[in-house]
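By convention in this document, chain letters (A, B, ...) are assigned in the order of the sequence lines, proteins followed by strands, and residues within each chain are numbered from 1.
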Protein chains: 2
Amino acid sequence: MTSMRADAVRNRDLVLATARRAMAEGDMSLQLNDLARRAGIGVGTVYRHFPTRRALLESLAEPAFTALLDDARVASLREDAWTGLRQILRTLLVQQLSDPAFTEVISTSPALDASPDTTSHREAFADLAQAVLERARQAGALRLDLTPDDLHHLVCGTAFALRLTPDPNACLDRYLQVLFDGIRTTA
Amino acid sequence: MTSMRADAVRNRDLVLATARRAMAEGDMSLQLNDLARRAGIGVGTVYRHFPTRRALLESLAEPAFTALLDDARVASLREDAWTGLRQILRTLLVQQLSDPAFTEVISTSPALDASPDTTSHREAFADLAQAVLERARQAGALRLDLTPDDLHHLVCGTAFALRLTPDPNACLDRYLQVLFDGIRTTA
DNA sequence: CAATAAACGGATAAGTCATCCGATTAGACT
DNA sequence: AGTCTAATCGGATGACTTATCCGTTTATTG
């Protein structure tokens, strides 16, 4: 079994924790040198664990992805496909509002150099979303000209709109409603 | 009359042209040092005309703003307020798809250090939009819980969604329709 | 407790940002 | 045309950020 050395694990977690703290303080720059200094470890160590800003982002987004998947699994089992779809859309918005790293990962085309974890999370979610979407379509009232990708883009767009807002959480359900009404078939 | 020196005007235009060329080539970084080199003028000259990346962006966005205003004036005079509103929303999307600088300016809260031109353009547009919105509301069928700002955010969100797309122009009218249906009153 | 592969850390080369100020020049005035 | 001067120019430069490399240290294994 090829496991990581204890100090490596410790330092990796330390970087992640420091990065989260920095983001919570409003510093989105995620400068790896700066994180190293803040975490009290060497720059080389940080760069070894996270060769790029992007790699760090994906690791930061990991828990949000897990939460999203858990939620989507529940949602996909709901009796009413529309309710399930709504729940998934809402969770996507909520996660984006609460986690900038997740936002950046989910709002970007799957990168070629993405971590295996990120890729598999994306695929797992895409499958769940597609299933719910399919059921919702069969239940009627979903626009015919919307692909799963379209919906993905539109949700990210709605999250973007919310971020422009002075109080995103206050606007969440209103904007979600606009999106939701928009993806119904027009009479 | 306090006019600019001829060489100053020339160099300013040169920087703008160089920046546009760079953006057309897909380089969004707008590094002022780099632009200076490309334009064949001194760094100091570039920084004098455009102290920040933001100032440059606003100048680049100027023509798009003018086009938007021209269009909005026409739209606001239309018989049918809904048609006018739709036209304005569409133009906002089209301009954002064709001009990244405009996109960045319009998708941002009015900055305190914004140029007078940008500020007055924004205000003029806000007035026109508000008027059309008001008429559309009276014509019925517009959600009651949407402020002009909400609509602004949602349009920028839709533009963001379009940018995630492989072929934004192909999706434009589809996504616009989703937005448009979303802002109607639900039955 | 040695052996060693893995991980550490920080000096540093390369690249970017933005300012400052001596040199230059456009435009006004004679 | 020639002179003056305030406006503009340009690039050397210092501060800052990025990312690598490699000698040193340490966790793990038997």
Side-chain angles (χ1 to χ4, degrees), chain A residues 1-23 25-60 100-101 104-105 108 111-117, chain B residues 1-23 25-60 100-101 104 108 111-116:
Chain A
M1 178 55 196
T2 155
S3 63
M4 278 177 88
R5 253 171 61 168
D7 54 347
V9 175
R10 193 171 356 102
N11 280 330
R12 185 174 187 282
D13 290 348
L14 192 51
V15 175
L16 288 174
T18 306
R20 273 188 236 284
R21 186 146 32 81
M23 299 228 297
E25 288 168 5
D27 177 5
M28 290 301 142
S29 62
L30 289 189
Q31 299 175 7
L32 301 200
N33 268 310
D34 192 47
L35 290 179
R37 193 180 44 69
R38 289 221 222 182
I41 63 184
V43 194
T45 302
V46 174
Y47 273 90
R48 186 164 344 90
H49 288 300
F50 308 104
T52 65
R53 206 186 95 96
R54 176 81 195 182
L56 174 57
L57 275 177
E58 291 187 3
S59 296
L60 286 169
E104 193 154 329
V105 175
T108 300
L112 297 172
D113 60 339
S115 82
D117 277 0
Chain B
M1 180 55 196
T2 154
S3 63
M4 280 176 87
R5 253 171 61 169
D7 56 346
V9 174
R10 193 170 359 99
N11 280 331
R12 186 175 186 280
D13 291 348
L14 192 53
V15 174
L16 288 174
T18 307
R20 272 188 237 283
R21 186 146 32 81
M23 299 228 296
E25 288 167 6
D27 177 6
M28 291 299 142
S29 62
L30 289 189
Q31 300 175 5
L32 301 201
N33 272 325
D34 192 47
L35 290 179
R37 193 180 44 68
R38 288 221 221 182
I41 63 183
V43 194
T45 303
V46 174
Y47 272 89
R48 187 165 342 93
H49 288 300
F50 308 104
T52 65
R53 205 186 96 95
R54 176 79 195 184
L56 174 57
L57 275 177
E58 292 188 3
S59 295
L60 286 170
E104 193 154 329
T108 301
L112 297 173
D113 60 340
S115 81

Under-4.0 Å salt bridge between A:Asp34 and A:Arg37: yes
Position toward the 5' end of DNA chain D (nearest nucleotide), A:Leu30 or A:Gly44: A:Leu30
Given atom [atom1] of [X] and atom [atom2] of [N], what is their separation to the nearest angstrom?
{"X": "B:Arg48", "N": "D:dC9", "atom1": "CZ", "atom2": "P", "result": "5 Å"}
{"X": "A:Phe50", "N": "D:dT20", "atom1": "CZ", "atom2": "P", "result": "16 Å"}
{"X": "A:Asp7", "N": "D:dT24", "atom1": "CG", "atom2": "C1'", "result": "14 Å"}
{"X": "B:Leu35", "N": "C:dA18", "atom1": "CG", "atom2": "P", "result": "13 Å"}
{"X": "B:Leu14", "N": "D:dC9", "atom1": "CG", "atom2": "P", "result": "11 Å"}
{"X": "A:Arg54", "N": "D:dT18", "atom1": "CZ", "atom2": "C1'", "result": "19 Å"}

Sugar-phosphate only, base, or nothing, as touched by B:Leu32 at under 4.0 Å among non-hydrogen atoms: nothing
Closest-nucleotide 5' rank along DNA chain C - winner of B:Arg10 and B:Asp34: B:Asp34
Taking only side-chain N and O atoms of [X], does any of them lie within less than 4.0 angstrom of OP1 or OP2 on [N]?
{"X": "B:Asn11", "N": "D:dC9", "result": "yes"}
{"X": "B:His49", "N": "D:dT8", "result": "no"}
{"X": "A:Thr45", "N": "C:dG9", "result": "yes"}
{"X": "A:Tyr47", "N": "D:dA19", "result": "yes"}

Considering only [options], which nucleotide approaches the side chain of [X] most closely?
{"X": "B:Val43", "options": "D:dG11, C:dA11, C:dA7", "result": "D:dG11"}
{"X": "A:Ala8", "options": "D:dT17, C:dA18, C:dC8", "result": "C:dC8"}
{"X": "B:Asn33", "options": "C:dA18, D:dT8, C:dA26", "result": "C:dA18"}

B:Ala22 versus B:Leu35, closest heavy-atom pair with distance: CB-CD2, 4.3 Å
Side chain A:Arg5 and base C:dA6 donor-acceptor under 3.5 Å: yes
Student check: side-chain heavy atoms of B:Ile41 and B:Val46 closer than 4.5 Å: yes
Side chain to side chain, A:Thr18 and A:Arg21, heavy atoms closer than 4.5 Å: yes
Polar side-chain atom of A:Arg20 near backbone of A:Leu60 as donor-acceptor pair, under 3.5 Å: yes
